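To start, the structure itself, in C-alpha cells.
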Amino acid sequence: MPRVIAAHHLARRLGDPGIQVVFVGDETVHAQGHIEGATCLRYADLVAARPPASGLLPDSATLARVLAEAGIIPTRHVVAYDASGGGAASRLLWTLDCVGHDDWSLLDGGLPAWRAEGLPLVADTHAARAGAPPYPVDTAASRARADADYIESHLDDPDVVILDARSPGEYRGDDVRAARAGHIPGAVNLDWTDNVDAAGDGRLRPAESLRESYAALGVTPEREVITHCQTHHRSSLSYVVLRWLGFERVRGYDGSWSEWGNDPRRPVSAGSNA
C-alpha cells in the first residue's frame, strides 16, 4: 500500500483485517461521521508537554496504551486521517516510525477529500478492537526522531538539512511565538501548507511538483532531513510527504521551536531563505 493513499483506493480495501483505519482528532467529530471501521485517537494523546516544549513524544508506557486502544498492533497496516489538513494524522504516522512500525499510509486529503468523493460515512462511536495487547514500544534507538543536541551538533554538517515547516513570518522572526524569534541557523523554510493543492479538497500536490519545490531549497534524497515547526504538528505532514517522496533519512524534531526558541543556549538566525 502506498505511503499516501487516495480515498477511492482505501474504500476498496475497507474490511481487510490487516488494515486499521484511525481518525486522529476530536471524538465528537468522529462520532458525527467517520470511515466505517475507523477508531478514534485523540491528538492530545500523541503529545506530551514538558515546558517550554509542548509537543514532545510521550513516554513508552503511554504510547503502548494509546496505540493499543486505537486497535494498532504490529501486524496491521495503519491508515491515518484527520479533518484538519493532515498534520494530526501525520503526527500519528511519525510516532509509528518512532516505534518501528513501518506499515502505514496517510489518507490523501483526509475527511474533506473522502466527503468530496461522495464516499459513505457512519455516525456512531466505534470502539477500539477488543483484545489488543499493549503495543510493544521502544523508542530509544529511533532514527525518526531528533533532539536539540543532535541538531546543534549537525548545524555545520553538509549532509544534514533542517526543514522549517512554519509560516514565512515565523521563520523570518516577524511572527514571534517563543521567547526568541527567528529560526535555527541554516534551516530552510517551506510552509507546511505548501505541500497541499489549494484546489484539491486538501489533497497533496503532485509528487514531482513537491520534489521540485524541496530540491530548490536543497532538500534532496541524499541528505538527512530534520523537520520541525512549533510543536511538530505541522512539520509531521512535511515528514510524511518526504517519506512518500522516497526520502530514506528523515527525522522529526518534536521539541521544535517551542523548545529551541525558548532555550537561550541555542543559536538563532533571522531573515528569509537564502
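Model, not experiment: these values are computed from the prediction.
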>> Go through it in stages, so that I can follow the logic: the residues are D102 and R243, the test is side chain to side chain contact (heavy atoms under 4.5 Å, CB included), and I'd like the CA-CA distance, side-chain angles, deciding distance and then a yes or no.
In response: CA-CA 11 Å; D102 189 54; R243 295 279 278 119; 2.9 Å; yes

Under the side chain to side chain donor-acceptor pair (under 3.5 Å) test, which residues partner [X], sequence neighbours left out?
X: S153; answer: none
X: W260; answer: none
X: R145; answer: D254
X: Y135; answer: H101

Minimum heavy-atom separation for [X] and [Y], please, with both atom names.
X: A70; Y: Q20; answer: O-CG, 3.6 Å
X: V161; Y: G218; answer: CG1-O, 4.3 Å
X: A181; Y: G173; answer: CB-O, 3.4 Å
X: G25; Y: C40; answer: O-SG, 3.6 Å
X: P267; Y: P185; answer: O-CD, 3.2 Å
X: L217; Y: L190; answer: CD1-CB, 3.9 Å

Kindly say whether [Y] contributes a backbone atom to a donor-acceptor pair with the side chain of [X] at under 3.5 angstrom?
X: Y81; Y: I35; result: yes
X: N262; Y: A179; result: yes
X: H183; Y: Y171; result: yes
X: S105; Y: V79; result: no
X: S54; Y: P51; result: no
X: T139; Y: V99; result: no
X: D147; Y: G255; result: no

How many angstroms lie between atom [atom1] of [X] and atom [atom2] of [Y], to the nearest 0.5 angstrom?
X: L119; Y: E36; atom1: CG; atom2: CD; result: 12.0 Å
X: T75; Y: D103; atom1: OG1; atom2: CG; result: 9.0 Å
X: S236; Y: H228; atom1: OG; atom2: NE2; result: 12.5 Å
X: L41; Y: T95; atom1: CG; atom2: OG1; result: 9.0 Å

Test item: [X] and [Y] side chains (from C-beta on) under 4.5 Å apart, heavy atoms:
X: L237; Y: V196; value: yes
X: L106; Y: S90; value: yes
X: S238; Y: L163; value: yes
X: V240; Y: W104; value: yes
X: D191; Y: P168; value: yes

> Who pairs with Y253 by ring-ring contact (aromatic ring centres under 6.0 Å, His included), at least two apart in sequence or on another chain?
Replying inline: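 Listed in chain order: nothing, the list is empty.
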
> Partners of H77 by ring-ring contact (aromatic ring centres under 6.0 Å, His included), sequence neighbours excluded?
Replying inline: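 Listed in chain order: nothing, the list is empty.
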
Under-4.0 Å salt bridge between [X] and [Y]:
X: R50; Y: D59; answer: no
X: R91; Y: D82; answer: no
X: D108; Y: R3; answer: no

> Using a side-chain heavy atom cutoff under 4.5 Å and only I, L, V, M, F, W and Y, what cluster partners does V122 have?
Replying inline: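 Same cluster as V122: nobody, lone residue.
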
Pairs flagged by salt bridge (charged side-chain N to carboxylate O under 4.0 Å, His left out) wherever [range] is involved - sequence neighbours left out:
range: residues 216-227; answer: E224-R251
range: residues 196-206; answer: E117-R203, D201-R203
range: residues 173-182; answer: E170-R177, R172-D174, D175-R177
range: residues 261-272; answer: D149-R266, E152-R266, D263-R265, D263-R266

>> Is a donor from one side chain sitting under 3.5 angstrom from an acceptor on the other, for W257 and D164?
In response: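 Result is no, nothing qualifies.
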
Does [X] share a hydrophobic cluster with [Y], counting links as ILVMFWY side-chain heavy atoms below 4.5 Å and allowing steps through other members?
X: I162; Y: L242; value: no
X: V66; Y: L92; value: yes
X: F247; Y: V4; value: yes
X: L204; Y: V250; value: yes
X: I184; Y: V188; value: no

>> Using the rule given for side chain to side chain contact (heavy atoms under 4.5 Å, CB included), can you reason through S256 versus Q230, listing the C-alpha separation, both sets of side-chain angles and the distance that settles it, and then say yes or no?
In response: CA-CA 5 Å; S256 278; Q230 182 74 15; 5.6 Å; no

>> Between L57 and C98, does the side chain to side chain contact (heavy atoms under 4.5 Å, CB included) criterion hold? Intermediate values first, please.
In response: CA-CA 9 Å; L57 191 72; C98 287; 4.2 Å; yes

>> Counting only heavy atoms from other residues, nucleotides and ligands, does the tally under 6.0 Å from CG of D159 exceed 12?
In response: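 Yes, the 6.0 Å shell around CG holds more than 12 heavy atoms from other groups.
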
>> Check for me whether the distance between the ring centres of F23 and H34 falls short of 6.0 Å.
In response: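 F23 vs H34: aromatic centres not under 6.0 Å.
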
> Can you say whether the rings of Y239 and W94 are parallel (under 30°), tilted (30 to 60°) or perpendicular (over 60°)?
Replying inline: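 Perpendicular, since the angle between the ring planes exceeds 60°.
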
> Which residue pairs satisfy the ring-ring contact (aromatic ring centres under 6.0 Å, His included) criterion with at least one member in residues 185-226, sequence neighbours excluded?
Replying inline: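 For residues 185-226, and leaving out neighbouring residues, there are no ring-ring contact (aromatic ring centres under 6.0 Å, His included) pairs at all.
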
> Per the side chain to side chain contact (heavy atoms under 4.5 Å, CB included) rule, which among L63, V22, I72 passes with L96?
Replying inline: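 When L63, V22, I72 are each tested with L96, the side chain to side chain contact (heavy atoms under 4.5 Å, CB included) holds only for I72.
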
